[in-house]
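In the text below, chain A, chain B and the rest are named by the order of the sequence lines, each starting its count at 1.
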Protein chains: 2
Amino acid sequence: MSTNITIKDVAKQAGVSEATVSRALNNSPQVKRDTRQKIQNIARNLGYRPNGLARSIRVQKSHTLGMIIPDILNGFFTQLSRAIEDVAGQAGYDVLIVNTDEHLDKEAKAINLMFEKQVDGLIITSAGASTDYPRMLGTTPAVFVDRMPPANVVSQYDRVLVDNVQGTQDIINCLINRGAQRIGIINSAVSTTATERLRGYHQALAAAHLTPDPAIEATARTDGSNVPQMARQLLVNQKCDALFAADNTIMTGVLRKLPDLDLSAFQLGAFDDNDWFNFLPQPIVTAKQPIADLGRIAVERLLARIDDDQLPTQEFRLAATIIPRPMSDQ
Amino acid sequence: MSTNITIKDVAKQAGVSEATVSRALNNSPQVKRDTRQKIQNIARNLGYRPNGLARSIRVQKSHTLGMIIPDILNGFFTQLSRAIEDVAGQAGYDVLIVNTDEHLDKEAKAINLMFEKQVDGLIITSAGASTDYPRMLGTTPAVFVDRMPPANVVSQYDRVLVDNVQGTQDIINCLINRGAQRIGIINSAVSTTATERLRGYHQALAAAHLTPDPAIEATARTDGSNVPQMARQLLVNQKCDALFAADNTIMTGVLRKLPDLDLSAFQLGAFDDNDWFNFLPQPIVTAKQPIADLGRIAVERLLARIDDDQLPTQEFRLAATIIPRPMSDQ
DNA sequence: TTGAAAGCGCTAACAT
DNA sequence: ATGTTAGCGCTTTCAA
């Protein structure tokens, strides 16, 4: 924070008051054209840069949104943050992104940081169900994306979510239509999406009159370290003929194990698409999430709430699109 | 920026002055133990949260670093930003990341934003060579990462770079050792890394007494849209037996085209590694960049410079590690 | 050990 | 159309 030219310096140069400079710089209509011109010129020549902190503190508005994401290395969240930055930027808002690594304590710290930076609102992809959001957030506008807030407070917040049940059903149905009889699942440890995806899996099985088997329902550790052996367990020991991975990091773990298996014998499905899935020799059926829409709606809703804190809370459920690789086979 | 409990409220409750509250909250040793305890309790009960903006404006330090990256969807920069956040966080600094989409005007806006937010220093991956950084940056500490600043001002800034010449040479050598005779290159449009990688390519050819051919040296558009047809042009029309892609997004473009070609006939190399390259049927020889080190050194250097602006500028060149897929063949 | 007062840079009443 | 003044929330002399 190098000490810089301030409004005072410009005022002195221009021989006017600080107030007039402020007005001129903010293009207030009530300042004479030539004064404005003169002041703006002087400001430019002096290399004046407004101090946004001072401005924010004065007007009680930072024009900054906070975004809390659990994993910045996961392409889903990167794309989501990109979408959110775009939409927020259009509306004149900056976005402060903080990564929690799926840790509750890091999330708490992240929220505190956001408050210190005086964000006008928060977009949260929750790292867990145990946080006491009402206490942490107070009356700060917040929208939950991708993952629901804890059940007991869910109605207090806006949510922008994907239809995980439908997306999973579509995938499992596709696998079944192609002949799969015994479909293993490696679910994620994230409660809110995991529960829904498991439900979709069960409903699809039931609709096809297939019996679920707890022995082929596994849950990945958050860091994904146990996914490769789970894949082996399900495909080899449990003789599954298909495998559903509940998100793209899990599918990556599965692929890490697959080289020594005979892939042509299995069908693969995953929630969440990845561009590079197209380059793999084995086709993967995925449900592609409407990431740009998730981001757009989340921002729009948050800005609306910042504008009017009386807005009733709402849940948005967006459909996922099935990508039935190989495409020709559709 | 919801109006919140301030120091004044805590002071009133505690029956002390604002100054004492400030001291107590900052654990000043010169405040009596029980007063401190009492004040901290009251603050907690009241749900007091410090206003970091007010603090920053007063102490003239934001404890925030700005990071300017050209493409948040590129895994290289995501990993880099993650590394930078980690190291900065350890040192008590937050990081404000802004994406430029390789646009010079967006970069200029990003830098202005950083100034408004009063960042203490800047980590820049430049979007182009034409910016007048000394004018834009003034005396604000800045470190350039991955890409050099414009040649005429390069010595004014610290740089943390990868040895692009060496990395490329290693890749080309590997391809040649495996029998490649005619190696096409699709280079990126980013001048600073592209020049170096092209030089490495030429030097490796020369060392192997292979004649360079301008007909098989192509440059990708920044958005990558013309990469697939370039790949076809080089591999089919120009009858290359190997192809070198100068970064991972270019390689992705190449793969987009490859499905209809007979891959087994070609060797592939790329600067910049990707995890999922391991899952592809065709092996890709890559140079893996030391991303964590790049980030760590950049932050350390920036903090050192924030501490002492007299520090002489310096260039760090980090080696890239060749990944000679298939690994067994090493 | 604590308090009073000034001031960081800015904007918004309220003058004039 | 412009100036004066106060104050956003905080820290930091200087005094007591």
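Distances shown here put every side-chain N or O of Gln60(B) at or beyond 4.0 Å from the OP1 or OP2 atom of dG7(C). For Asn26(B), a side-chain nitrogen or oxygen approaches OP1 or OP2 of dT11(D) to under 4.0 Å. The phosphate of dT2(D) has neither OP1 nor OP2 within less than 4.0 Å of any side-chain N or O from Ser17(A).
At whole-Å resolution of the value, CD1 in Ile57(A) and C1' in dC8(D) are 5 Å apart. Here dT11(D) presents its P atom at 13 Å from CG of Leu53(B), a figure rounded to the nearest Å. Taking atom CD on Gln118(A) and atom C1' on dC10(D), their separation rounds to 11 Å, with Å as the unit. Nucleotide dC10(D) holds its P atom 3 Å from the OH atom of Tyr48(B), rounded to whole Å. The CG atom of Asp9(A) sits 8 Å away from the P atom of dG9(C) (whole-angstrom rounding).
For Lys8(B), the listed nucleotide lying nearest its side chain is dC8(D); candidates were dC8(D), dT2(D), dT2(C). In this structure, the nucleotide among dT11(C), dT11(D), dT2(C) sitting nearest to the side chain of Ile7(B) is dT11(D). Here the nucleotide nearest the side chain of Arg55(A), chosen from dC8(D), dG3(C), dT11(C), is dT11(C). The side chain of Val59(B) lies closest to dT11(D) when the candidates are dT11(D), dT11(C), dC10(D). The side chain of Thr35(A) approaches dT2(D) more closely than any other nucleotide in the set dG3(C), dT2(D), dT2(C).
A donor-acceptor contact closer than 3.5 angstrom links the side chains of Gln40(A) and Asn27(A). Side chains of Arg49(A) and Asn4(A): a donor-acceptor N/O pair is absent below 3.5 angstrom, by distance only.
Side-chain atoms of Arg23(B) and base atoms of dG3(C) include a donor and an acceptor less than 3.5 Å apart.
As judged by a 4.0 angstrom heavy-atom cut-off over every strand, Ser22(B) is placed among the base-contacting residues. Within 4.0 Å of Ser56(B), counting heavy atoms only, lies no atom of the nucleic acid at all.
Taking each heavy atom of Ser62(B) and Asp120(B) in turn, the nearest pair found is N-OD1, 3.1 Å.
Each of Ala19(B) and Ala54(B) has a nearest nucleotide on DNA chain D; the 5'-most of these lies closest to Ala54(B). Place Glu18(A) and Arg36(B) on DNA chain C by their nearest nucleotides, and Arg36(B) ends up nearer the 5' end. Across the interface with DNA chain D, nearest-nucleotide mapping of Gln30(B) and Pro50(B) shows Pro50(B) to be the residue nearer the 5′ end.
Relative ring orientation between Tyr157(A) and Tyr133(A) is described as perpendicular, the plane-to-plane angle rising above 60° on a 0-90° scale split at 30° and 60°.
With hydrogens and angles disregarded, a donor-acceptor distance shorter than 3.5 Å links the side chain of Asp9(A) to the backbone of Thr6(A).
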